[in-house]
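Report on the following structure.
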Amino acid sequence: MQQNLKQSSADGLYIALISIHGLIRGQDLELGRDADTGGQTKYVVDLANALARQPGVARVDLITRRIEDEQLQRCYAAPQEALAEAGAQIVRIDCGPRQYIAKEKLWEYLDTFADNLLEFFQQQQRMPDLIHSHYADAGYVATQLSHLSGIPLVHTGHSLGRDKRKRLMAGGMTSPEVELKYNIRRRIEAEEQVLANANLVITSTRQEIESQYELYDYYCPESMRVIAPGTDLSMFHPPQLGEPQTQVASAIRRFLDEPEKPMILALSRPDPRKNIATLVQAYGESPELQAMANLVIVAGNRDDIRAMDDGAQEVLTELLVLLDYYDLYGKVALPKKHLPGEVPAIYRMAARACGIFINPALTEPFGLTLLESAATGLPFIATENGGPQDIVENCEAGLLVDPLSASDLTDAMKRLLLDGELWRKFSANGIKNVALKYSWDAHARSYLKQIKPLVAAYKPQQFSPAIMRASRFADRLIVSDLDKTLLSNPTGLQEFCQLLRERRKEVAFGIATARRLDTVLKLLKKYRIPKPDILISSLGSQIHYGRELEISTDWEDHVDHDWNPRALRRILRRIDGLTMQEDSEQSKFKLSYHISPAQQGVLTKEKIVSLLRQEEQSVNVFVSAGQNLDITPARVSKGLALRYVAQIWGIPLERVLVAAGAGTDEDMITGNTLSVVVHNRRHEALETPADGQHVFFATQPNARGILEAIEHYHFLDETPDAGVKK
C-alpha cells in the first residue's frame, strides 16, 4: 500500500473511481496526445485529489489500465502511484495486451479487467463504500462489480454513444462505417446497462440530461444530478506582474510578424469534431479580423504529422492547406509542442494582450477549457451545442455561436475585440464566477452530499458460516452445465464421476443450469452423478450448497434487488406472442415464457430489453432458440453466482474450470476462469475468444471433453496451466 494513504476505517469513506482508457498519471498529463487522452483524464485526477481533501474521506483509488509500451513512459506500468493529496492514489489493473490500445478495442478485455479489479478489492482491508465509473467502458466493469457486491454505483458518461452516432451519421458516415470504426453498439448497450443499474448519474450540465440521456431507453432524470466540474484556481488565475516567459510563448511569437497584437486563441486536440478548420476559414475570409488580431492554434503535440493517427493527420493537414490558401503566414501560429504545465500561461498570455479564447467544437459535453480561460480573465466564444450554455449562464463571461457558421464566428470575434467595455466586463465576471461556482472543493462538497445517502443505505454482504464451510478443503473448482455438456456420453460421464470421487477433498464440483432444483435432483439420480458441492439453478437465481443442497438465503437477499415480478407480468401481458410457461418452469426469481412461432425472429431479445428499460425495469433477459424467454433480476446470472461462490470459498478464478457453451453460460466463460467448450457445443460457443481468455475447444463431446480439458490445463497439478491454449 502507498505510504501516503490514510488509514482506512469505518469513520472515513473509501471511494473507487474507475476510468479505464487513455493515459492517466498524477503529473504532466499528456492531454491531446490522442482522442482518448482528453479532458476526462484530467477530470478524474482532479476529482480524486479534491475528494481526498474532504473531511470524512479516508481513501480514494483512481483505477485505470496498466500499460507496458516501449513508446510510452514507464510510469504507466507502475501498479500504484501516489497522487498529490494524502489518501489518493492511482491503481493500475492488467487488462488485455500490455501495449497501449484505443478504447474501441478494449471491449473484449473488460471482463478480465473486472475479475482482476475484484481480486484487488478482495486483497484490501475492506471493500469500497462506493464505485464511480467514468465513460461506458468503466460503466460496464462497474455494473458487473456492483451486481456481484451490491456496492452503490455512481456513473458519469462524459460523452454518450447515441449522441455521437447521431452526429457522425448527420456528418455523412453510414451506420456500418460508424460501427466498424467506433464499436458503437457495444458502447451504447453498456451505457443502457449502467443507466439501468446506477444509483446515481452525475452530469456536468442540464443539457446532458435533457438532450443526450433522453435518447436512452432507461431514461430516469430523477436519478441524475448536475454537479459541474471544478477548476484548479492555483494554476488558472489572472496574469501577474513578473511572471517568467514560458518556452511555448517564444514558440508562438516566432510564427507572428506582429506578436504584440491581441490573440484569438484556440486550444484543443486535433480532432475533426473540434471544428478548428471552420475557425481558420472565418479568420481567413475576414481581412478586418486579420488586422485586429493574430490567430493562435494550440492543437496537441506533434513531431511528424505523417506519423499521427488518421483523424489528427487529417485535421492538421487541412489547417496547413487553409493557412496557405488564405496566405495567413505571419498571422497564424501553430506551435508543434507545449508542456501540460504551460497551458495556464498560454491563457494568461492571451488575456494580457486583451485577446479572446474560442471553442468552435461541433458539440461540447461540458467545456472545461472555457472555465480555464475565464478563470484567467480571458473572455471566450463557444459552441452553442452542449455544456457551454450552462457556463455562459453561470459565468457571464462569453458568447455562444453556431459552430457551423463561419459568419457567426467572425461576428462574435469582432464584437469582443472591438467592444472594450464588454471585454472588461466578461473578464471580471469570469475571474469572479469561476472561483464562486466552479472550484473543485465546491464540486467535492456537492458530490459527498449526493452520495452519503447511498453509502448509508448500503449493507455489506454477509456470508453464512454454513456456505463458507461447504468446501473447506478444496482449492479448485470444476463447474459444468448439465443437459448439453455433462450428459449424453455414458462412458465419459462414468469416467468423469469416478475422477470426482477420487479427488473430492481437493476439487469441488459444481453444476450451473437453467433447471430448477427438483428436476436437477432427478437427473443426478438417473445418471448416478455425485451430488455437487454447489448447485447454481434457475439461470443463477438460486445457489444450493452442502450435502443437503441447502439454499443460500444470503444470495436470494442479494439478487432480490429492484425485482418486481408483478409489474413485469403486467408489462409482458401487453406483448403479442408471449405465453407463460407451465408452473414447473417458473421460480421465485425467474419468469419464463414461450414465444409463439409467428413472433419468433421478430420478438427479439433487443426489442424486449428495450421495452422493459423504457418501463424502468432493470432485469436480465435471456432468449434461447428464438422460442423461449426467461427474465431474471439484474443481479442474476450463472457467471455472477459462480464468482460469488469462488469469492466465499477463496478459490481464485484461475483455479475454476468451467464447462459450458454460450448464451446463458457466456459470462462464466469470459474473464479469468479456465473454460472448455465440449465438441458437441462448438456451434454455440464464442466465435473468437479474446487474448487472455482461457477457452479450450475440446475434440471430444460431453464429459469426455471435460476430461480432455482437465488434462489440457494440467488442472489437477499443483498449479493449473492457464497459459496453454489451443
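Throughout, numbering of the chain's residues begins at 1 and tracks the sequence.
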Taking the side chain as C-beta and beyond, is there a heavy-atom pair between Gln450 and Ile202 under 4.5 Å? no
Would you find a donor on one side and an acceptor on the other, under 3.5 Å apart, between the side chain of Ser149 and the backbone of Leu145? yes
Are any non-hydrogen side-chain atoms of Leu368 and Glu372 less than 4.5 angstrom apart? yes
Would you say His558's side chain and His147's backbone share a donor-acceptor pair under 3.5 angstrom? yes
Going by the ring-ring contact (aromatic ring centres under 6.0 Å, His included) test, which pairs reach into residues 25-51, not counting sequence neighbours? Tyr43-His134, Tyr43-His158, Tyr43-Trp440
Let me know which of Glu191, Glu189, Glu192 forms a salt bridge (Lys or Arg N to Asp or Glu O under 4.0 Å) with Arg162. Glu192
Note, Leu62 side chain near Val91 side chain (heavy atom, < 4.5 Å): no
Dump the intermediate steps for salt bridge (charged side-chain N to carboxylate O under 4.0 Å, His left out) on Arg53 and Asp441, then the final yes or no. CA-CA 8 Å; Arg53 285 194 295 269; Asp441 281 343; 3.3 Å; yes
Of the options Arg25, Gln27, Arg92, Gln89, which is the one that meets Glu81 in a side chain to side chain donor-acceptor pair (under 3.5 Å)? Arg92
Mark yes or no: Arg613 above the aromatic ring of Tyr218, with NZ or CZ under 6.0 Å from the six-membered ring centre and no more than 45 degrees from the axis. no
Treating Ser427 as the side-chain partner and Leu378 as the backbone partner, does any N or O pair qualify as donor plus acceptor under 3.5 Å? no
Determine whether a donor-acceptor pair (N or O, by modelled atom type, separation under 3.5 Å) exists between the side chain of Thr143 and the backbone of Gly139. yes
When Asp34, Asp36, Asp137 are each screened for salt bridge (Lys or Arg N to Asp or Glu O under 4.0 Å) with Lys103, the one that passes is Asp36
Do Asp390 and Arg206 meet the salt-bridge criterion of a basic N to acidic O distance under 4.0 Å? yes
To the nearest 0.5 angstrom, please state how far the CD1 atom of Ile15 sits from the CG atom of Leu130. 6.0 Å
Intermediate values then yes/no, salt bridge (charged side-chain N to carboxylate O under 4.0 Å, His left out), Lys437 and Glu393: CA-CA 11 Å; Lys437 301 177 181 179; Glu393 181 179 330; over 6 Å; no
Could you tell me whether the side chain of Thr64 and the main chain of Ser19 form a donor-acceptor pair under 3.5 Å? yes
Between the main-chain N or O of Phe120 and the side-chain N or O of Gln124, is there a donor-acceptor pair closer than 3.5 Å? yes
Check whether Trp555 reaches the backbone of Gly540 with its side chain - one donor and one acceptor, N or O, closer than 3.5 Å. yes
Check Lys432 with Glu396, please: is the shortest side-chain N to carboxylate O separation under 4.0 Å? no
Is the Tyr447 to His132 ring centre distance short of 6.0 Å? yes
Value rounded to 0.5 Å, distance of CG in Leu399 from CD in Glu384: 12.0 Å
Is there side-chain contact between Thr41 and Val45, with at least one heavy-atom pair below 4.5 Å? no
Side-chain donor/acceptor of Asp61 to backbone N/O of Ala16, under 3.5 Å: no
pair Asp560-Pro633: side-chain heavy atoms closer than 4.5 Å: no
Is it the case that over 12 heavy atoms from other parts of the model lie below 6.0 angstrom from the CD atom of Gln462? no
Tightest non-hydrogen contact, residues Ala136 and Ala190, listed as O-CB, 3.8 Å
Verify, without hydrogens or angle tests, whether Asn433 (side chain) and Cys395 (backbone) share a donor-acceptor contact under 3.5 angstrom. yes
Output the distance between atom OG (Ser211) and atom NZ (Lys166), rounded to the nearest 0.5 Å. 7.5 Å
Ring pair (Phe, Tyr, Trp, His ring centres under 6.0 Å) between Phe463 and Tyr644: does it pass, once the steps are laid out? CA-CA 10 Å; Phe463 306 130; Tyr644 178 86; 5.5 Å; yes
Taking the side chain as C-beta and beyond, is there a heavy-atom pair between Tyr135 and Ser159 under 4.5 Å? yes
Could you give me the CA-CA distance, side-chain angles and deciding distance for Arg643 and Asp115, then say whether salt bridge (charged side-chain N to carboxylate O under 4.0 Å, His left out) is met? CA-CA 9 Å; Arg643 284 164 172 80; Asp115 282 346; 2.8 Å; yes
Any donor-acceptor pair under 3.5 Å linking the side chain of Thr383 with the backbone of Ala361? yes
